[in-house]
Number of protein chains: 2
Amino acid sequence: MATTPAKAPAPDKRRLILDAAVRVFARRGFNQCRVADIADEAGVAYGLVYHYFRSKDQVLSTLFEERWNVMVEVIEQVDEQELAAREKLRTVAGFIFESYRHDPDLMKVIIVEVTRAANSFGRTHLPEIRLAYDGIARIVAGGVQSGEFRDVVTPSFAAMAFYGAVEQVLTGWIFADEAIGAVEFEGAKDAIVETICGGLNG
Amino acid sequence: MATTPAKAPAPDKRRLILDAAVRVFARRGFNQCRVADIADEAGVAYGLVYHYFRSKDQVLSTLFEERWNVMVEVIEQVDEQELAAREKLRTVAGFIFESYRHDPDLMKVIIVEVTRAANSFGRTHLPEIRLAYDGIARIVAGGVQSGEFRDVVTPSFAAMAFYGAVEQVLTGWIFADEAIGAVEFEGAKDAIVETICGGLNG
DNA sequence: AAGCTGTGACTGACCGGTCAGTCAGCGGGT
DNA sequence: ACCCGCTGACTGACCGGTCAGTCACAGCTT
């Protein structure tokens, strides 16, 4: 056998626990679920959760950081491209909606349990959360500088409005009971940009 | 004594408990605080909380319903007036921001613990929450009908974007450590309307 | 190739603390 | 002398986190 044989699929219990936690947190909420629920869902012994993670909190934090870092990076990469600010915003909205389409449970957990939890994880992860807001604000600022956007509102305010609108659409989907169709996903991206950039006025 | 004498200030312990609960929920969060904290804050015996409320949950539900009903009513009344849709939206945003200015703790609790709690109170109070969204959507629909607004996005989508932006601004204030100045309060109302109605495009 | 040993991933019974909710009774007003 | 608003010690369930122990396996020795 070589040093890294990879003959068998290799269970990777840590990943198993993380994935199970997403499902359990999404289903019952972080506070309502038990560590035993995570272990059961992962088909793993209770104690193994504590072998890989210091605490229940750390499981959620890991989940959040993994995903949020990707988003922050995407926002930065988009901004570096040679694109109209409006197109950049469309790409960012598209990425976020696509993240939800790809893994609704994970996005639900991140939004409900971290991004909006002003008394627990939200406070803890504020700096990382702000990184994303700042990135969006930079895109808007670029748009203002190039003359594409009007200079009526501060970039960071516009970023808030943009991100708030995106998150509210996501929240609507999270609260909805039926699955969301492909049409809604596609439409949402354009509708957000149309609303925030074009405005409602006729 | 008459039926409602009001000779002495009347302690009204129920109100005392409700007001104390707002402070405690805002400070530590609903899940992190103990019923004993509420009783202590109110200067009242532990058991009295259970004299007036069936459960800890019911305390929060009462708080939410009291305030949310007022908001839904305001939205409806605004819509009945002879005003441009844009002005109606400005009034609604103004009311929400003013609610925060008047009692930040209460708004924080309502937003963080109910409006955005997809796994607990949010689910329970979904019908009431939707009443507000629907009211805003009706204002937008009126604007489209009168030709004031373009017909590019469904009214309920526009309502989501509007309310999402408002809530995100509020969230920013909630997460902020320093107090918010009067200038910010006044400016926010106009900035929201400028962003959502006017749009960013130059 | 058979035995021996060290390693660490993995297990799950258990513990100690915490807390929502109960209830027996007190005391001031009428 | 009877309410009844009010009290707060108490209880029982629950749950996060611990830790003593198991076992599969890799590598060494003979």
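Basis for what follows: all heavy atoms, side chains included, without hydrogens, waters or symmetry-related copies.
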Trainee: In whole angstrom, give the distance that lies between atom CG of A/N31 and atom P of D/dC14.
Mentor: 17 Å
Trainee: Could you tell me if A/R101 sits above the aromatic ring of A/F185, with its cationic atom closer than 6.0 Å to the ring centre and no more than 45 degrees from the axis?
Mentor: yes
Trainee: May I have the distance from B/I17 (atom CD1) to C/dA20 (atom C1'), rounded to whole angstrom?
Mentor: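 Going from B/I17 (CD1) to C/dA20 (C1'), I get 15 Å.
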Trainee: With the threshold set at 4.0 Å, does a side-chain nitrogen-carboxylate oxygen contact exist between B/R67 and B/E128?
Mentor: no
Trainee: Does A/R34 make a side-chain N or O approach to OP1 or OP2 of D/dG16 shorter than 4.0 Å?
Mentor: yes
Trainee: Could you tell me the separation between the CZ atom of B/R15 and the C1' atom of D/dC6, rounded to a whole number of Å?
Mentor: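 Computing the B/R15:CZ to D/dC6:C1' distance gives 19 Å.
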Trainee: Nearest-Å distance, CD1 (B/I38) to C1' (D/dG8)?
Mentor: 16 Å
Trainee: Using atom CG of A/L60 as one end and atom C1' of D/dG16 as the other, report the distance to the nearest whole Å.
Mentor: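 Rounded to the whole Å, the gap is 15 Å.
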Trainee: Could you work out, with side chain to side chain donor-acceptor pair (under 3.5 Å) as the rule, every residue matching B/D134, not counting sequence neighbours?
Mentor: none
Trainee: Which atoms of nucleotides 22-24 of chain D (N or O only) lie under 3.5 Å from a protein N or O atom, and what are those distances?
Mentor:
none

Trainee: Measure all distances between protein nitrogen or oxygen atoms and nitrogen or oxygen atoms of nucleotides 21-24 of chain C, and list the pairs falling under 3.5 Å.
Mentor:
from, atom 1, to, atom 2, distance (Å)
C/dG21, OP2, B/Y50, OH, 3.0
C/dG21, OP2, B/K56, N, 3.2
C/dG21, N7, B/Y46, OH, 2.6

Trainee: When you measure from the side chain of A/D37 to the backbone N and O of A/R34, does any donor-acceptor pair fall under 3.5 Å?
Mentor: yes
Trainee: With sequence neighbours left out, write down each residue that passes ring-ring contact (aromatic ring centres under 6.0 Å, His included) with A/F64, or none if nothing qualifies.
Mentor: A/W68, A/H125
Trainee: Using a cut-off of under 3.5 Å, enumerate the N/O to N/O pairs linking the protein to nucleotides 6-9 of chain C.
Mentor:
from, atom 1, to, atom 2, distance (Å)
C/dA9, OP2, A/H51, NE2, 3.0

Trainee: With a 4.0 Å cut-off on N to O distance, would you call A/D103 and A/R23 a salt bridge?
Mentor: no
Trainee: Between A/D40 (CG) and C/dG12 (P), how many Å, whole number?
Mentor: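 So the CG-P distance, A/D40 to C/dG12, works out to 10 Å.
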Trainee: Are A/R86 and A/E194 ion-paired here, with the side-chain N under 4.0 Å from a carboxylate O?
Mentor: yes
Trainee: With no hydrogens and no angle check, do the side chains of A/Y133 and B/Q168 hold a donor and an acceptor under 3.5 Å apart?
Mentor: yes
Trainee: Which whole-number value in Å describes the distance from A/L16 CG to C/dC10 P?
Mentor: 10 Å
Trainee: With a cut-off of 3.5 Å and sequence neighbours excluded, list every side-chain donor-acceptor pair involving residues 106-118 of chain A.
Mentor:
from, atom 1, to, atom 2, distance (Å)
A/K108, NZ, A/A26, O, 2.9
A/K108, NZ, B/N119, OD1, 3.4
A/E113, OE2, A/F30, N, 3.1
A/R116, NE, A/E167, OE1, 2.5
A/R116, NH1, A/T171, OG1, 2.9
A/R116, NH2, A/E167, OE1, 3.3
A/R116, NH2, A/T171, OG1, 3.3

Trainee: Any Lys/Arg nitrogen of B/R15 or B/E66 sitting under 4.0 Å from an Asp/Glu carboxylate oxygen of the other?
Mentor: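 Looking at B/E66 together with B/R15, the answer is yes, because their closest N to O distance falls below 4.0 Å.
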Trainee: Check this for me: does any side-chain nitrogen of one of B/R27 and B/E41 sit under 4.0 Å from a carboxylate oxygen of the other?
Mentor: yes
